[in-house]
Each structure stands twice: as structure tokens, then as C-alpha cells.
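Input: a single structure, listed below in C-alpha cells.
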Amino acid sequence: AIVCNRLPLSQNPDITYILVQNTSEALGRISCNYFDNPSEQTKLVGITGTNGKTTTATLLFEVFTLLGYNCGLISTVENRIGKTKIPSTHTTPDAYSLNALLRDMVQQKCNYVFMEVSSHAQDQKRTSGLFFSGGIFSNLTRDHLDYHKTFEAYRDAKKSFFDQLHPDSFALTNLDDRNGLFMLQNCKAKAYTYAISQPAHYNARILEQHVNGTLLRIDQLDVWIKLIGVFNAYNMLAIYACGLLLKQDKTNLLSAMSQVKSVAGRFQYIEGREQRIGIVDYAHTPDALKNVLDTLHGLRQSHQKIITVIGCGGDRDRGKRPEMGAVASAMADHIVLTDDNPRSENGDEIIRDILSGISRPDAIVIRDRRAAIRHALGAIGPEDLLVVAG
């Protein structure tokens with residue numbers, strides 16, 4: 001049998017042709033049925049947005065594991081079924097692989113599955129036919145315009161995830177993001193909001209910020225988390241709200257939240273000799289880089305310098321490169337420009353694009369990433385901060 005959206009001019013009489021409007025959507029529904037609709041046999045929660053997807057999904061997995069549940073994780077960094085780690089090739093797998101993975105999770109008796117949902121996945125209907133118990137929106141800034149072409153198309157791809165949620169599900173959105181309420185338009189699921197700077201269903205206050213953690217007040221209770229930065233306060237608030245919406249005990253939930261650490265490569269804190277501090281972060285958009293550097297500016301002492309190693313990927317949105325350069329130029333004391341997966345592009349041209357946004361002459365270019373990081377390590381003094389981004 002062949003599922004198609006256009007019948008061939010010459011048809012084989014031994015083959016059944018099934019005509020549909022969208023073959024990608026059909027593949028999703030066929031895959032769900034083929035694997036006995038595994039998303040309906042566990043509680044599946046999807047997380048979408050530009051920044052914070054990996055951190056939120058991974059920490060939800062870890063928090064619910066600490067609460068005593070067997071959990072599944074589908075993320076950019078890795079997929080996990082309980083303690084078993086499975087390499088990840090895409091943020092969101094194709095429809096067939098995704099349902100096969102969910103079926104394995106159901107067979108391993110996973111109570112909850114936490115999954116990143118990318119804009120590519122939504123545009124390509126990879127989640128078609130899945131039943132999500134809930135969806136979370138983190139934030140929206142410029143990204144993936146090489147694929148979506150316009151910001152509106154990128155935003156609408158994210159929104160389509162909420163459009164497909166079931167009336168029995170929950171939709172949790174960041175009210176402080178200007179696109180937060182847009183995600184809820186025409187959404188059939190039960191709508192909830194979280195915020196730090198305005199009243200919402202779920203609120204948090206940042207009481208203290210330190211280089212090794214943050215003190216939050218949530219629901220009139222103070223909780224110390226081992227994560228840094230305002231953006232991580234939003235991630236943890238989303239985790240708290242999601243936990244309550246999944247009927248977890250508030251005290252147990254906050255206790256588990258206080259135990260988890262930063263996700264590898266997501267504002268990952270590394271302390272070296274003489275109190276030198278390294279931050280490794282996936283930041284590959286202007287907004288994400290600004291968040292990292294903003295956070296460090298708020299935490300550093302006047303004598304501490306910030307050294308930043310950045311690059312931009314090849315065959316991707318060229319427009320963000322000068323913006324990345326401008327952010328580093330304005331907020332770092334020293335800049336080292338390097339390769340960040342040039343793919344098929346000329347690395348020197350990528351560097352030139354970044355340099356066009358840098359308004360100072362002292363940026364150092366070292367194409368080899370290992371050598372660039374080694375140079376930056378040699379440039380930092382006691383108590384200085386090194387950021388390796390990308």
C-alpha cells in the first residue's frame with residue numbers, strides 16, 4: 001500500500017493507493033496506531049519554546065525520578081528510559097521512531113514521559129496523533145529562520161503544538177513572554193500561566209542570586225536551587241507548576257527541585273583553580289547569549305573579567321551572526337571567535353559575519369575550537385569567568 005497526497009499517473013493494479021491531504025500527518029497517525037497508541041498509556045508532557053526546552057524536560061525527568069516514578073525523557077542531548085540512556089539524533093524524532101520509543105517506554109512501565117517539541121517537528125507533523133497530557137511554553141526569540149524563513153512562521157509552528165492539545169490536557173505558558181498568551185489562542189486545553197514579573201496562576205520571586213545557586217520564593221515557601229540565572233528561575237517555576245498540575249505534593253516537589261543540578265551544557269558551572277569559574281552553555285542565539293552574560297554581570301564582582309568564546313553554525317540563519325557579535329562586544333571583557341560546526345560553509349566567512357557586529361578591535365580569531373578554548377583558559381586570571389557558548 002502507498003499513502004500519497006497525489007495519485008501517480010500510472011497505477012500498479014497490485015498496489016492499494018490511499019489518498020490523503022498531508023502524508024506527514026498521516027504517517028504520524030499510522031505510527032501511533034501501529035504501536036498501539038503508546039502516548040495514551042503514559043502521561044506525556046511536551047515542552048516547546050526557543051530556550052529552556054532541554055533544561056526543563058531533563059529536570060522534570062530528574063525531579064519526577066526523585067519523587068519515585070519511573071520516567072522517560074526525549075531530548076536534544078539524550079533519550080532515557082529510567083536509568084537506560086539512548087543516543088539522540090534529533091530534538092524530536094521522526095513519527096515512526098518517536099512512537100517506537102514511546103512504546104518501549106510503556107513496556108518499561110514509565111509513569112511519565114517528558115519530551116522536547118521542536119518547531120521543525122511541528123512543521124513536519126512528527127507529533128501528529130500523539131496524546132499529550134500537558135504542554136509547556138518557555139519563551140520565543142529569533143531562531144531557525146534558515147528553515148522557517150520568517151519569525152511569524154516559526155512562532156506559528158510553536159503555536160500549532162498547543163492547537164493540537166486535548167480538552168482534558170493542560171496548557172502552561174510563560175505570561176512574561178510577549179508570545180505567551182498568543183500560544184493559548186483557540187487552545188482547547190485547560191489554560192494556566194506562570195510568571196515572575198506579573199500576577200499569574202503560578203508565581204515566583206527571586207530572593208537571592210549567587211554564582212552557585214538561587215534562592216526562590218514559590219507559594220510562600222523559600223527553596224534553594226542549584227541553578228543560576230533568571231532564565232533558570234523561569235524553568236524551575238515551570239517545573240513546579242507542571243508538578244502541581246500532575247497532582248504532586250507541593251512539599252515533596254520543592255524538596256526534589258532543590259536537589260537537581262544544571263543539565264550538561266546548559267549553564268553548566270565548572271570551578272577551577274584559584275576560583276576561576278567556567279560556564280559551558282548551548283547559547284546559539286543572541287537572546288540566549290545575552291541571558292548568560294546578563295546573569296554573570298549580575299553576579300560578578302567589579303574585579304572579575306568575563307572572557308567569552310563564541311561562534312555560529314554554518315548553513316543556518318546568517319542574520320543572527322552580527323547580533324551574536326554585538327551582544328558579545330557589549331557584554332564581554334574579552335572575545336575569542338571560533339568555529340561552531342561550519343558544516344558546508346567557509347568558516348572564515350562565518351567569522352566575518354560575526355565580526356560585522358563587533359564594534360571593537362580586540363576580538364581574537366582562532367578557528368580551531370579546542371585551541372580557542374585553550375587560549376581563553378590561558379587568558380583568565382584568578383576569579384575570572386570563562387563562558388564557552390554554542
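The analysis underlying the following values was restricted to heavy atoms, covering all of them including side chains, and did not include hydrogens, waters or symmetry mates.
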Taking the side chain as every heavy atom from C-beta outward, state whether [X] and [Y] have any atom pair closer than 4.5 Å.
| X | Y | answer |
| --- | --- | --- |
| I279 | Y269 | yes |
| F114 | L44 | no |
| V309 | L386 | yes |
| M183 | T48 | no |
| Q41 | R103 | no |
| V113 | I74 | yes |
| M331 | K290 | yes |
| L355 | R321 | no |

Between [atom1] of [X] and [atom2] of [Y], what distance do you get to the nearest 0.5 Å?
| X | Y | atom1 | atom2 | result |
| --- | --- | --- | --- | --- |
| K43 | L245 | NZ | CG | 11.5 Å |
| H334 | H375 | NE2 | NE2 | 8.5 Å |
| I380 | Q304 | CD1 | CD | 11.0 Å |
| Q107 | D104 | CD | CG | 6.0 Å |
| H90 | S118 | NE2 | OG | 9.0 Å |

Give the minimum heavy-atom separation between [X] and [Y], together with the two atoms involved.
| X | Y | result |
| --- | --- | --- |
| I228 | V211 | CD1-O, 2.9 Å |
| P93 | R126 | O-CD, 3.2 Å |
| V45 | C242 | CG1-SG, 4.1 Å |
| I86 | I81 | CD1-CD1, 3.8 Å |
| G180 | F137 | CA-CE2, 3.7 Å |
| A376 | I307 | CB-CG2, 4.0 Å |

Would the distance check show the side chain of [X] and the main-chain N or O of [Y] forming a donor-acceptor pair, the cut-off being under 3.5 Å?
| X | Y | value |
| --- | --- | --- |
| T127 | L130 | no |
| D281 | F267 | yes |
| H210 | L299 | no |
| E116 | T76 | yes |
| D384 | G381 | yes |
| S88 | S75 | yes |
| N70 | K109 | yes |
| N5 | V20 | no |
| Q248 | L246 | yes |
| S138 | N51 | yes |

Decide whether [X] and [Y] are clustered together by the hydrophobic rule: side chain heavy atoms of Ile, Leu, Val, Met, Phe, Trp, Tyr closer than 4.5 Å, transitively.
| X | Y | result |
| --- | --- | --- |
| V365 | V387 | yes |
| L385 | L289 | yes |
| V63 | V223 | yes |
| L296 | V327 | yes |
| L253 | Y69 | yes |

Would you mind checking if [Y] and [X] are paired as a salt bridge, meaning a charged N to carboxylate O distance below 4.0 Å?
| X | Y | value |
| --- | --- | --- |
| R360 | D362 | yes |
| D163 | K159 | yes |
| R343 | E345 | no |
| D333 | R300 | yes |
| R80 | E78 | yes |
| D222 | R217 | yes |
| D339 | R367 | yes |

side-chain contact (heavy atoms from CB on, under 4.5 Å) assessment of S359 paired with S329 = CA-CA 6 Å; S359 57; S329 181; 3.3 Å; yes
How are the rings of Y192 and H201 set to each other: parallel, tilted or perpendicular (split at 30° and 60°)?
->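 The rings of Y192 and H201 stand perpendicular, inter-plane angle above 60°.
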Can you establish whether the number of heavy atoms outside Y34 located under 6.0 Å from its atom OH is more than 12?
->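 No, the 6.0 Å shell around OH holds no more than 12 heavy atoms from other groups.
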Taking atom CD of Q21 as the centre, report whether more than 12 heavy atoms of other residues, nucleotides or ligands fall under 6.0 Å from it.
->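 Check fails, neighbour count at 12 or below.
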Assess whether side-chain contact (heavy atoms from CB on, under 4.5 Å) is satisfied between I225 and L215, documenting all intermediate values.
-> CA-CA 6 Å; I225 61 169; L215 184 63; over 6 Å; no
Identify the residue among N139, N174, D176, D177 that makes a side-chain hydrogen bond (donor to acceptor under 3.5 Å, both in side chains) with Y234.
->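 Testing each of N139, N174, D176, D177 against Y234, the sole residue satisfying side-chain hydrogen bond (donor to acceptor under 3.5 Å, both in side chains) is D176.
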Considering the options T54, N235, T55, which one meets the side-chain hydrogen bond (donor to acceptor under 3.5 Å, both in side chains) requirement together with R266?
->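 Answer after filtering T54, N235, T55: T54.
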Give a yes-or-no answer on whether the side chains of [X] and [Y] include a donor-acceptor pair shorter than 3.5 Å.
| X | Y | answer |
| --- | --- | --- |
| Q164 | Q122 | yes |
| T50 | Y154 | yes |
| Q209 | T214 | no |

Take L337 and I335 through the test side-chain contact (heavy atoms from CB on, under 4.5 Å) and record every step on the way to the result.
-> CA-CA 6 Å; L337 299 182; I335 307 166; 3.7 Å; yes
Are D94 and S97 close enough, and set up right, to give a side-chain hydrogen bond (donor to acceptor under 3.5 Å, both in side chains), and what steps lead you there?
-> CA-CA 5 Å; D94 67 85; S97 303; 2.7 Å; yes
Go through N12 and Y17 one step at a time and tell me if the side-chain hydrogen bond (donor to acceptor under 3.5 Å, both in side chains) criterion holds.
-> CA-CA 9 Å; N12 186 328; Y17 296 87; 5.6 Å; no
Test Y112 against every option in F64, F61, F132 by the ring pair (Phe, Tyr, Trp, His ring centres under 6.0 Å) rule and name the one that passes.
->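 Among F64, F61, F132, the one that satisfies the ring pair (Phe, Tyr, Trp, His ring centres under 6.0 Å) with Y112 is F64.
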Does the pair T16 and I2 meet the rule for a side-chain contact (heavy atoms from CB on, under 4.5 Å), with working shown?
-> CA-CA 6 Å; T16 300; I2 293 176; over 6 Å; no
With K125 via side chain to side chain donor-acceptor pair (under 3.5 Å) - residues at least two apart |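 Expected list: none.
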Ring centroid separation F35 to Y96 under 6.0 Å =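 F35 vs Y96: aromatic centres under 6.0 Å.
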